[in-house]
Trainee: 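I am attaching a structure below and will ask some questions about it afterwards.
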Amino acid sequence: MIVLRDGHRAAIPWLAMTPANSTFSALGTTIFEVMSRLAEQHGAVNLGQGFPDEGYPQDVLAKAAEETLTGWNQYPSMMGVPELRQAVAEHGSRFYGLDLDWSTETLVTSGATEALAACLLGLVEPGDEVVLFQPLYDCYLPIVRRGGGVPRFVNLRLPDWSFTREDLEAVFNERTRVVVLNNPLNPAAKVFSREELELLAEFVIAHDAAVVCDEVYEHLVFDGRRHVPLMTLPGMRDRCAKVGSAGKTFSLTGWKVGYVSAAPNLLQPIAKAHQFLTFTTPPNLQQAVAFGLRKDASYFTDLAAFMAGQRDKLSAGLREVGFEVLESAGTYFVDVELTSLGWTAGDVEFCQRLVREVGVAAVPISAFYDQDPLTNVARFCFCKRDATIELGLERLAAGLPNMLAG
Ligand code: PMP
Ligand code: GLN
């Protein structure tokens, strides 16, 4: 038998039973891949998958080119090149006042995706419970399950994607070992308040748990808000593994350079998993990211200001065509509510028809749930040049009324 991409099995004569891990073979293709391929197929404006199409820092690109031509292009140390590990520690100190020892508390990974996998595989023992917030980024759950972890979900509530003490009481218990917190939160575009973080920290400490903090959007927070790493709260310094991504911070999502900051007792098991996932990450890109993380403060504020401007353009246009637009406090994304348009057929049907009939790709929010999904919200991506946003909005203005009427 062979397992096809759609999960079906087909008989082949030379292998009666193809080995396949049930956690992975039960999965469909990720929604980002699905929507991007549909966008290509239908010539649609891709406001689905989150990747920028403008604003790449030229000096970071030039540094990567120079390192490729004249630098070290063989295996670097499995923990990462010292220059990048030092830059990650300095970045933690410069932006958040964290005091990190680069030689024992930083690790370079092949993107945040690998960092998250290394954290979850390295920290979760079969039978351990893992607290996750829904909507949740799609790579967490398969890894938790593959590692034998038992997921416990907190469903965030609209309009502001909040949670309560009672929500935490319902999922934390003596088996809780790990919590995953994505802040700023994809796809909700939420930045958790200090009060929410303090409440979570209280439960984490009371249950002696660790937290995997997915902070890839740490520099994409808007309107004067500040990103507060959970790791900076009292009692949390040695309980958190903080994950960052150069893809997001330098608008170069294809680079797949990530980094983890954590106390040695957490980082060691994470590094053990990392050594057999990828072992290393291209050294030329690591050097370029080290250079980038040391850029002037203005680079980081300009990045957030540019993205906030794109958010405003897309949000205004979405409102004009009739959407109820939810608040976007950070990330690359803005969400819209669909029932206010009179649409009751659900987010998946909405996005499928939008890409085919209107020529605009978005992402259904239900793809970010395992249980009890919201089905009336869609996510649009605004990390695009003006022309892309304008074309998307023109198409929505021209095609959405017909789609809604049809
Ligand atoms: N976490 C979140 C919340 C994301 O949106 C992404 C998207 N790229 C990642 C992790 C993965 O980051 P990377 O591309 O560095 O693997
Ligand atoms: N993080 C991106 C998003 O949310 C997609 C990353 C991916 O395609 N794996 O759109």
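Counting convention: from 1, in listed order, for ligands and their atoms alike. Throughout, numbering of the chain's residues begins at 1 and tracks the sequence.
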Trainee: Within a distance under 4.0 Å of any heavy atom of N182, pick out the atoms of ligand 1 and give their elements.
Mentor: 3 (C)

Trainee: Note the single closest protein heavy atom to atom 11 (C) of ligand 1, along with its residue, its atom name and the distance in Å.
Mentor: T113 OG1, 3.3 Å

Trainee: Give me the nearest non-hydrogen protein atom to atom 7 (C) of ligand 1 as residue plus atom name, then the distance to 0.1 Å.
Mentor: K248 NZ, 2.7 Å

Trainee: For residues H227 and Y96, establish whether the separation of their ring centroids is below 6.0 Å.
Mentor: yes

Trainee: Can we call the ring centroids of F306 and F382 under 6.0 Å apart?
Mentor: no

Trainee: Side chains of V228 and F192: closer than 4.5 Å at any heavy-atom pair?
Mentor: no

Trainee: Tell me whether D370 is salt-bridged to R145, with the criterion being a basic N under 4.0 Å from an acidic carboxylate O.
Mentor: yes

Trainee: Does Y332 come within less than 4.0 Å of ligand 1, judged by its heavy atoms?
Mentor: no

Trainee: Using a strict 4.0 Å cut-off to heavy atoms of S245, name the atoms of ligand 1 that fall inside it.
Mentor: 13 (P), 15 (O)

Trainee: Between F51 and Y332, is the gap from one ring center to the other below 6.0 Å?
Mentor: no

Trainee: Within the 4.0 Å heavy-atom shell around N186, which atoms of ligand 1 are there?
Mentor: 3 (C), 4 (C), 5 (O)

Trainee: Quick check on contacts: which atoms of ligand 1 are under 4.0 angstrom from a heavy atom of K256?
Mentor: 13 (P), 14 (O), 16 (O)

Trainee: Less than 4.0 Å between a side-chain N and a carboxylate O, is that true for D302 and K295?
Mentor: no

Trainee: Specify the protein heavy atom at minimum distance from atom 9 (C) of ligand 1: its residue, its atom name, and the distance to 0.1 Å.
Mentor: Y137 CE2, 3.6 Å

Trainee: Report yes or no: is the cationic atom of R379 (NZ for Lys, CZ for Arg) under 6.0 Å from the centre of the six-membered ring of F333, at an angle within 45° of the ring normal?
Mentor: yes

Trainee: Taking side chain as C-beta onward, heavy atoms only, is Y140 less than 4.5 Å from V130?
Mentor: no

Trainee: Any idea which protein heavy atom is nearest atom 12 (O) of ligand 1, and the distance to it?
Mentor: A112 CB, 3.4 Å

Trainee: Looking only at protein heavy atoms, identify the closest one to atom 2 (C) of ligand 1 and say how far it is in Å.
Mentor: D214 OD2, 3.3 Å

Trainee: Salt-bridge test for E357 and R353: reply yes if a basic N is under 4.0 Å from a carboxylate O, no otherwise.
Mentor: yes

Trainee: What residues sit with at least one heavy atom under 4.0 Å from ligand 2?
Mentor: F32, Q49, G50, Y137, N186, Y217, F333, R379

Trainee: What atoms of ligand 1 come closer than 4.0 angstrom to any heavy atom of G111?
Mentor: 15 (O), 16 (O)

Trainee: Are D386 and K313 close enough for a salt bridge, meaning some N to O gap below 4.0 Å?
Mentor: yes

Trainee: Do the charged groups of K190 and E327 touch, with an N to O distance under 4.0 Å?
Mentor: no

